[in-house]
K.L.:
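I am attaching a structure below and will ask some questions about it afterwards.
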Amino acid sequence: MQGVSASGAFVLLTSTVLIIIFHENCSSSFFRRHFDSFFEPSAFKPLYPALYWFGCSVLIFGIIPLCLGRVVLKRPWMTWGIGIGDWRFGLPVTLSLFFAFLPVLVIVSYQPVFQNKYPIYDAALESVWHLVIYEAGYAAYFVGWEFIFRGFMLFGLRPAIGNYAVFVQMIPFAILHFGKPQLETMAAVFAGVILGLLALRTRSFWYGTFLHIGVAVTNDMLAVYQKNLWP
């Protein structure tokens with residue numbers, strides 16, 4: 001295994017700083033403290049903190065590291081895994097993983113700890129449109145979330161440490177699940193490795209993104225159904 005190069009060190013440093021910025025400045029509570037007073041009351045205002053959180057993910061975990069990779073490290077856009085890659089492999093594997101995991105989602109949806117946790121924002125349950133807007137934003141959130149790990153970190157570190165980059169990006173990914181049900185946090189360790197391997201094999205972070213979106217949205221829908229709270 002080679003040592004970490006200057007570009008690899010830049011990726012590690014940048015990823016760490018961006019994760020800290022996101023953690024400290026992009027929560028719904030941060031929005032309520034600093035921005036809530038700028039918006040007039042409206043039917044959808046309760047969703048603004050969630051949409052702020054989702055938008056920050058796209059910007060801080062997606063757009064900014066992608067631009068830094070291109071401008072600072074001068075690597076072509078597609079070398080960061082943003083292309084479609086090997087879709088003939090990626091699509092069927094993504095669908096197979098989703099349907100393989102679906103029974104687990106159904107089983108855990110019966111547990112009160114998951115029913116009480118999801119959807120994360122109660123405002124999503126105020127109407128059908130609230131739920132639709134919330135889930136669309138939630139899907140966008142995972143584009144940024146997946147890119148920082150399975151795009152920027154994975155493809156940024158691979159030239160220096162090879163496939164060991166899969167395990168490096170898995171560590172902060174799992175740590176950021178702290179505060180969620182313990183079963184979900186433990187599962188994030190294995191999910192981080194699987195999603196990393198999928199990104200390497202397909203040369204694209206999109207398939208892990210689609211899988212993550214599918215699992216997260218389905219989890220929300222099952223939790224709502226179990227609570228008999230369909231708007």
K.L.:
Work out which heavy atom in Tyr134 is nearest to a heavy atom in Tyr121; give both atom names and the distance.
P.N.:
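Shortest heavy-atom contact: CE1-CD1, 3.6 Å.
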K.L.:
For the hydrophobic clusters of this structure (ILVMFWY residues joined by side-chain heavy atoms under 4.5 Å, transitively), does one cluster hold both Leu66 and Ile63?
P.N.:
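Yes; Ile63 is reachable from Leu66 via cluster members.
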K.L.:
Parallel, tilted or perpendicular for Trp145 and Tyr141, by the 30°/60° rule?
P.N.:
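Judged by the thresholds at 30° and 60°, the geometry between Trp145 and Tyr141 is parallel.
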K.L.:
If you count every heavy atom of other residues, nucleotides or ligands that lies below 6.0 Å from Arg33 atom CZ, does the total exceed 12?
P.N.:
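Yes, the 6.0 Å shell around CZ holds more than 12 heavy atoms from other groups.
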K.L.:
Kindly indicate whether a cation-pi arrangement holds for Arg70 with Trp80, taking the cut-offs as under 6.0 Å to the six-membered ring centre and within 45° of the axis.
P.N.:
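The answer is no; the distance or angle limit is not met.
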K.L.:
More than 12 heavy atoms of other residues, nucleotides or ligands under 6.0 Å from CH2 of Trp77: yes or no?
P.N.:
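Correct, the count exceeds 12.
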K.L.:
Answer yes or no: is there a donor N or O on one side and an acceptor on the other, between the side chain of Ser204 and the main chain of Gly83, under 3.5 Å?
P.N.:
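Flag set: sc Ser204 to bb Gly83 pair under 3.5 Å.
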K.L.:
Report, as yes or no, whether the 6.0 Å neighbourhood of atom NE2 on His23 holds more than 12 heavy atoms from other residues, nucleotides or ligands.
P.N.:
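Counting other residues, nucleotides and ligands, NE2 of His23 stays at 12 neighbours or fewer.
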K.L.:
Just by modelled atom types, is the Ser109 backbone N or O under 3.5 Å from a matching donor or acceptor in the Gln115 side chain?
P.N.:
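Checking the backbone N and O of Ser109 against the side chain of Gln115, a donor-acceptor pair under 3.5 Å is found.
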K.L.:
Indicate the atoms forming the closest heavy-atom contact of Thr202 with Phe89, along with that distance.
P.N.:
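Smallest interatomic distance, heavy atoms only, reads CG2-CD2, 3.7 Å.
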K.L.:
Are the side chains of Val189 and Met170 in touch, meaning some heavy atoms are under 4.5 Å apart?
P.N.:
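Counting from C-beta outward, Val189 and Met170 do come under 4.5 Å.
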K.L.:
Might you point out which heavy atoms bring His212 and Leu195 nearest each other, and give the distance in Å?
P.N.:
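It is ND1-CD1, 4.3 Å.
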K.L.:
Are the side chains of Thr79 and Pro76 in contact, using a 4.5 Å heavy-atom criterion?
P.N.:
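SC-SC contact between Pro76 and Thr79 confirmed.
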K.L.:
Any idea which heavy atoms bring Pro159 and Arg75 closest together, and the distance?
P.N.:
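Closest approach of Pro159 to Arg75, heavy atoms only: CG-NH1, 3.8 Å.
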K.L.:
Parallel, tilted or perpendicular, judged at 30° and 60°: which one describes the rings of Phe38 and Phe35?
P.N.:
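Ring orientation of Phe38 relative to Phe35: tilted.
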K.L.:
According to the interplanar angle, ranging from 0 to 90°, do the rings of Tyr52 and Phe30 count as parallel (below 30°), tilted (30 to 60°) or perpendicular (above 60°)?
P.N.:
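Rings of Tyr52 and Phe30: parallel, as their planes differ by under 30°.
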K.L.:
Please state whether the rings of Phe147 and Phe205 are parallel, tilted or perpendicular, taking 30° and 60° as the class boundaries.
P.N.:
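Taking Phe205 first and then Phe147, their aromatic rings stand perpendicular (interplane angle over 60°).
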K.L.:
Would you give the length of the straight line joining atom CD1 of Ile84 to atom CG of Leu91, rounded to the nearest 0.5 angstrom?
P.N.:
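It comes to 7.0 Å.
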K.L.:
Specify the closest pair of heavy atoms between Val166 and Val193, including all atoms of both residues, with the distance to one decimal.
P.N.:
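Scanning both residues completely, I find the closest heavy atoms to be CG1-O, 3.7 Å.
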K.L.:
Taking the side chain as every heavy atom from C-beta outward, state whether Asn25 and Phe31 have any pair of such atoms under 4.5 Å apart.
P.N.:
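No, every pair of side-chain atoms sits at 4.5 Å or beyond.
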K.L.:
Quick check for you: to the nearest 0.5 Å, what is the distance between His177 atom NE2 and Gln182 atom CD?
P.N.:
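Going from NE2 on His177 over to CD on Gln182, the span is 14.0 Å.
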